Each structure stands twice: as C-alpha cells, then as structure tokens.
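Below is one structure, written out as structure tokens, with a few remarks after it.
The basis for the numbers below is simple: all heavy atoms, side chains too, and nothing from hydrogens, waters or symmetry mates. Counting starts at 1 for both ligands and their atoms, following the listed order. This one's a predicted model, so the numbers in the text were calculated from it and none came from an experiment.
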Amino acid sequence: MAIFSFFYLALACTSFIATPVLSCNSCIHRSKLAYHHSKRAIKAGACRYGSFAARLNGPNVAAATPKLYRDGVGCSACYQIRCLDPDLCSRTWQKIVVTDIMTNNQTDFMVPKHTFATLALPHKGAALQRKRIVDIEYERIFCVYGQNLTVKVDESSRYPDYLAVEFLYQGGQTDIVNVDVAQVGHFEWKYLTRKDGSAVWSISNPPSGDLQFRFVVTSGFDGYMLWPEKAVLPPHWKAAEKRLFDTGLQINQIALDGCSNSCDLNQRV
Ligand SMILES: *[C@@H]1O[C@H](CO)[C@@H](O)[C@H](O)[C@H]1NC(C)=O
Ligand SMILES: *[C@@H]1O[C@H](CO)[C@@H](O)[C@H](O)[C@H]1NC(C)=O
C-alpha cells in the first residue's frame, strides 16, 4: 500500500512567488464572449491537453485572453460565465474550463459554438449565434473533480532522456507554479519547466526508477507545497502512452476572499 502524506506550507506570497498573483479571483468581471466554429479549443488547444481536454469539462472549454491564460499558468482554470443580454439569454451560469489561448482583444473568452448556444433562452439560440459576440459577466470558480490529480505522459517524451507531462484534474482554485520530480526513496529533486506557454511540464535527463512528484500550488495569496509520497510513474514510463497515472493527490485549495481591494473597480458589475 502506498504511503501517502501532504506537507502544507503556508507561505507569504512575496517571499516565494516569482510572478505576482494575478487578479482578484473573487471578482465578477464584465466582458464579452465570442465563439469559434472549429473544435480547435478541444482538440488542439494551446494548453496541449489534446483530446484529454474533453475530460475536464466535456465540450465546454474555452480559449482565454493572454491576461487570463498567463503563459499557460491559467490552463485548467474554471470560470462561470453568464450572458447579459436580457432578450436572448437565460442568465444561468455556464461553467467553462480554459484549454486554449486567443488573441482577439475584443473578448476575454472564446467558446465552441454549442457552448455559446447554451446561454440562450429557449428558441433564441439561432438569434444569439447571429450576434456572434455578447456581453457577459464571469467569475473564476473552483474546479471540482471526483478524481485525483493525474499525470499524462506527453507524446513529445523520449524515454529515458526527456520526460514531458501534463496534469489533469487540477481541482480547487489553484495554479500549479512549480513541479519537481525525484526517484522514490531519494530526495534529489529536479525541477520541471513549463513548456512554451502550455500546460506541459518537461525535464531533460529525468531521474530513473519509480518517480514521484512534488508541487507548489498557489491559491489566491497562499502557497502550498503538496507532496504525495507515492510512486506515480513506473521506471519505464513511455511516451504517447494512453494510460494515465494517479498522483494520489486531490488539489482542492480555494482562494480566500481577501483581495477585494485589489479588484479592478471599473470591471465590477
Ligand atoms: C485590438 O486589435 C486590433 C487588431 O489587432 C488593434 O488594431 C487594436 O488596436 C487592438 N485594440 C486594443 C484596445 O488593444
Ligand atoms: C486518490 O488517491 C487516494 C490516495 O492514494 C486514494 O485512496 C483514492 O482512491 C484516490 N481517488 C480516486 C478517485 O482515484
């Protein structure tokens, strides 16, 4: 049976977070929403989850503007959006998960066409789609999965010299800001780097043997080191393997609502 423990270190953000914690997560922001016709956000999003993106929130994934995408740190973040057009929209919240980046500077998110249509009042879907772009409000929310944080070995990996991984089912309202890997039983941690603004973390010359991971996760202004003491990858991890590897760790930290002073008041509803 696997030994399993976490070490939580509450750390002041200024002392260890290299990039400042961005935006007040609890704010409701006003923005606009557009849709795209292709399935690009699901299959080929910049986060590079590939077809696994659909496991995060079914088809309701989104491409986010660079300020929310944050060079890949914003991959997997969950938001709820609702449309503000009283004639066309139902005002119910729709959850979306970021899997892609967009550069259109008129909106904060782009979603697949059918996600856009879910915002409409009955029989108003076609009329809403004709508008192409609508006013919305949105809020970052915490992600809930009935799953542990899970590792997928990326197709770009080349055993044994180069290991690249993605993490699926990142719960809570968190950012993964550091990932280390070590051989189980050894404490020679080596760090992975986030690759090309995606959700892929990689390392050249990774340790050998059974591998374990350690994470630094931030949530609002808090940082945590999460260290499931468990073998996650087997010694002969393979590239392009369809299998997923359970870290035994559920991330569920939620940002405290302690940052309302830093909200952009112009964006408040
Ligand atoms: C938005 O993008 C367009 C086209 O790239 C550019 O001309 C415009 O200045 C941009 N607007 C803002 C507010 O950045
Ligand atoms: C998550 O990991 C824990 C600890 O290893 C395990 O007991 C639990 O069954 C896992 N949960 C799921 C949903 O796989």
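In summary, the side chains of S156 and K195 do present a donor paired with an acceptor at a separation below 3.5 Å, with no hydrogens or angles considered.
Between H236 and Y159, the angle of the ring planes lies from 30° to 60°, which puts this pair in the tilted group. Between F187 and W227, the ring-plane angle classifies as perpendicular under the 30° and 60° cut-offs.
Considering backbone and side-chain N/O of K230, none are found under 3.5 Å from N/O of ligand 2.
The distance from ligand 2 to the heavy atoms of G146 drops below 4.0 Å at these ligand atoms: 13 (C). Taking every non-hydrogen atom of D246 and a distance limit under 4.0 Å, the qualifying atoms of ligand 2 come out as 14 (O). Annotation for ligand 2: atoms under 4.0 Å from non-hydrogen atoms of N148 are 1 (C), 2 (O), 3 (C), 8 (C), 10 (C), 11 (N), 12 (C), 14 (O).
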Run the side-chain donor-acceptor check on residues 78-86: report pairs under 3.5 Å with partners two or more places apart or on a different chain.
| from | atom 1 | to | atom 2 | distance (Å) |
| --- | --- | --- | --- | --- |
| Q80 | NE2 | E139 | OE1 | 3.0 |
| R82 | NE | E137 | OE2 | 2.7 |
| R82 | NH1 | R91 | O | 3.4 |
| R82 | NH2 | E137 | OE2 | 2.9 |
| D85 | OD1 | D87 | N | 2.9 |
| D85 | OD1 | L88 | N | 3.2 |
| D85 | OD2 | K131 | NZ | 2.8 |

